Protein chains: 2
Amino acid sequence: MTEQRTGSSPTLRDVAAEAGVSPATASRALNGSTRNVSADKLASVLRAAAKLGYTPNLSAQATARGSTKMVALIVHDIADPYFSAIAAGAVEGAEAAGLTVTMAVTDRSPDRELEIVSTLRGHRPHAIILAGSRIGEDQEALAEELRAYEAAGGRVAVVSQPGLPYGTVTIDNRKAAEDLAAALVAHGYRRFAVLRGPDVLRTSRDRLEGFVAGLARTGITVADRFVVEADFTEDGGHAAMTTLLDRGPDDVELAFAVNDVMAIGAMRALRDANLVPGHDLAVAGFDDISAATDVHPALTTVQVPMRAMGLHAIDLALAAGGEGEVVWLPTNVVLRDSTPRRTGEPVISP
Amino acid sequence: MTEQRTGSSPTLRDVAAEAGVSPATASRALNGSTRNVSADKLASVLRAAAKLGYTPNLSAQATARGSTKMVALIVHDIADPYFSAIAAGAVEGAEAAGLTVTMAVTDRSPDRELEIVSTLRGHRPHAIILAGSRIGEDQEALAEELRAYEAAGGRVAVVSQPGLPYGTVTIDNRKAAEDLAAALVAHGYRRFAVLRGPDVLRTSRDRLEGFVAGLARTGITVADRFVVEADFTEDGGHAAMTTLLDRGPDDVELAFAVNDVMAIGAMRALRDANLVPGHDLAVAGFDDISAATDVHPALTTVQVPMRAMGLHAIDLALAAGGEGEVVWLPTNVVLRDSTPRRTGEPVISP
DNA sequence: ATGAAAGCGCTAACAT
DNA sequence: ATGTTAGCGCTTTCAT
């Protein structure tokens, strides 16, 4: 009978001793192929393990095997519904594949992100998944870190950021924004403002450009003063709308915010100015986070399959080949009450 | 010069060889106390590590040291803003303490949860943090698993679930609900309905009981038919409100949903019935998730410091002693427009 | 089918 | 201050 010290878990040795077999056999019975261990030994090992409450030490397993069953997920902010939806998909996919997820948060700081990748790399995860637009231009250090990780056999997948030499799952932000513009014009809108995020965010740029391009296609332009830049957050949206209102939106009929949280902030700003979103000024967003249907009026937006993106990222990370494979997921314009159909002339005629 | 195979990372040996020192010295320089290694060797080891792009293998480190720098976080649903806020706090605290977080999602299934605890235990995390009400009564298997984990030296902390023999961070749901009831009565409300969650959820029970007790203190009772049970989710809130409306709310003035997501679902149900939340029927929730201020009218609720709860859970998990220590965090009633002050008689008099 | 033994990458006495 | 040596818990040849 092996004496069980408190303060530490039973080891494979303990189980083997208890079952009266060698550690090798115990290993085979518990974690290796069941094939070549006799039924009776198998049973007694299993019994011993259960009795002792044995759980394999995954770290030891990892060092011995040289590989882990972990995937590292890096997001900018887990409290942001956009990222938490992606995370939910990723966790779901990972668990289905028997992987455990380790998560880290960059707080939108490139330095932090580099640090995180470096730390997480220490766990030798099977894959590293980066979600969300990288910020800033100088990505050399990060790229180097990832290159080293890949060279060592790790997989990298990125979410919503085409153009990197990794497996990528994304949507076509430009085209989706174009579609939204077209739908809005078809809905009767003619005069637009755009609440955009920081220029360094590729996502923000793509959506802005797509939207403007979509309008241009119908001969509509957006004056520079009606393109307001602010943070990619709800407060940013609030600030942007406040600025827009200050500048005098004149006959602007609709403000397109490049993401939903900004749009929701913008709606709040309208209310703070005693205006009614959808009535006094229509608002559209992008992402279709769950709050988009919670607000009133419900927000017109572009559906982004965030959860599915997380799931596909795992698939990509697990797929053998396809180095730079890009998975484009479909989007969908959903018109809701924040952009009521517009007939006849503008409310405020010039 | 050590030959570097592709497909695997440089090891400490490689670094040591490159620097012309023993592995032990390299270890001390890189991961041990810097104290007892000469400045020049230190420098050359560091240089070698940088040159090779060395990252310590945390698994190997863990097996050798017998301890890890990981904490496992278990939540019911990471896409739920309540949990993602707690997770954000936990991740923040963990990163500050140099720990990495591994996350798993129970999907509110006790079986799944047991499985998860068992798997995560394999990583020998420094601590396991359980967030959210346990479901169901028969917790023996889970309790046993946790007991074994603790016996082996692990720390367990739970969030929002007093009564377990672990470090706990929670709020006083009962009292907070009482406070809310009192505030609402002071605000002029007299006739209430409650949209509650499943009876197995302790949180739901506590909030219901507290609310009813708070009303009772002022001589107000809630008829059984005005207490509607549904899922603890937004759809649950929608369903509950729909049921309430079907039953004929008579002169009910305010519906208290035991959490914000239910309250928001309830508001949606009101709109679906062509009623205006706050005007035709006041609504109050509980948690103060960020969406509470996004909806219109903004939701009256009880502020729960979710992020702080996540942070404190880490503290608790790191604190040496205090086995069953319970940290009670303060809550705050916030009255918003979904419960306008009520003067004079009910809108619909009997 | 099973065990003995070597080794995964790292740390920690123990020497010196 | 540094190197040598023996592990940590597990897997995996290699024998038998």
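Chain identifiers are assigned alphabetically (A, B, ...) following the order of the sequence lines, protein sequences preceding nucleic acid strands; residue numbering begins at 1 within each chain. All values derive from a computational prediction rather than experimental measurement. Excluded from the calculations below are hydrogen atoms, water molecules and symmetry mates; all remaining heavy atoms, backbone and side chain alike, are included.
Rounded to whole Å, the distance from CG on D14(A) to C1' on dC8(D) is 13 Å. Atom CG in L12(A) sits roughly 14 Å away from atom P in dA4(C) (whole-Å rounding). Between the NZ atom of K69(B) and the P atom of dT11(C) there is a distance of 13 Å, rounded to whole Å. Rounded to an integer number of Å, the gap from R65(A) CZ to dG9(D) P is 17 Å. Put simply, CD on Q61(B) is 9 Å from P on dA12(C), counting in whole angstrom units. Look at CZ on R13(A): it is 11 Å from P on dA4(C), rounded to the nearest Å. Here the P atom of nucleotide dG9(D) and the CG atom of N57(B) are 17 Å apart, to the nearest Å. In this structure, R28(A) places its CZ atom 11 Å from P of dA4(C), rounding to the nearest Å.
Distances from the side chain of T25(B) to the nucleotides dC10(D), dT2(D), dA1(C) place dT2(D) closest. Distances were taken from every side-chain heavy atom of Y54(B) (C-beta onward) to each of dC10(C), dG3(C), dG9(D); the shortest belongs to dC10(C). Of the candidates dC10(D), dT2(C), dT2(D), the closest approach to any side-chain atom of K41(A) belongs to dT2(C). When distances are taken from the side chain of A24(B) to each of dA12(C), dT2(C), dT2(D), the shortest belongs to dA12(C). With dG3(C), dT2(D), dG9(D) as the choices, the nucleotide that has an atom nearest any side-chain atom of V21(A) turns out to be dG3(C).
Along DNA chain D, the nucleotide nearest to T63(B) and the one nearest to S38(B) differ in position, and the one closer to the 5' end is contacted by S38(B). Toward the 5' end of DNA chain D, the nearer of the two residues T55(A) and A39(B), judged by each one's closest nucleotide, is A39(B).
Salt-bridge annotation for E115(A) and R112(A): present, with a side-chain N of the basic residue lying under 4.0 Å from a carboxylate O of the acidic one.
Inter-residue side-chain proximity for I171(A) and P305(A) is flagged as met; some heavy-atom pair is nearer than 4.5 Å. Considering only heavy atoms from C-beta on, V75(A) comes within 4.5 Å of V105(A) through its side chain. Proximity of L318(A) to R155(A): side-chain heavy atoms (C-beta onward) are nowhere separated by under 4.5 Å.
Between dC10(D) and S27(A), no contact under 4.0 Å exists linking OP1 or OP2 to a side-chain N or O. Regarding contacts with the backbone of dT11(C), a side-chain N or O of N31(B) is found under 4.0 angstrom from either OP1 or OP2.
For the side chain to side chain contact (heavy atoms under 4.5 Å, CB included) with I129(B), the qualifying choice from I314(B), V156(B), I74(B), L316(B) is I314(B), the only one to do so.
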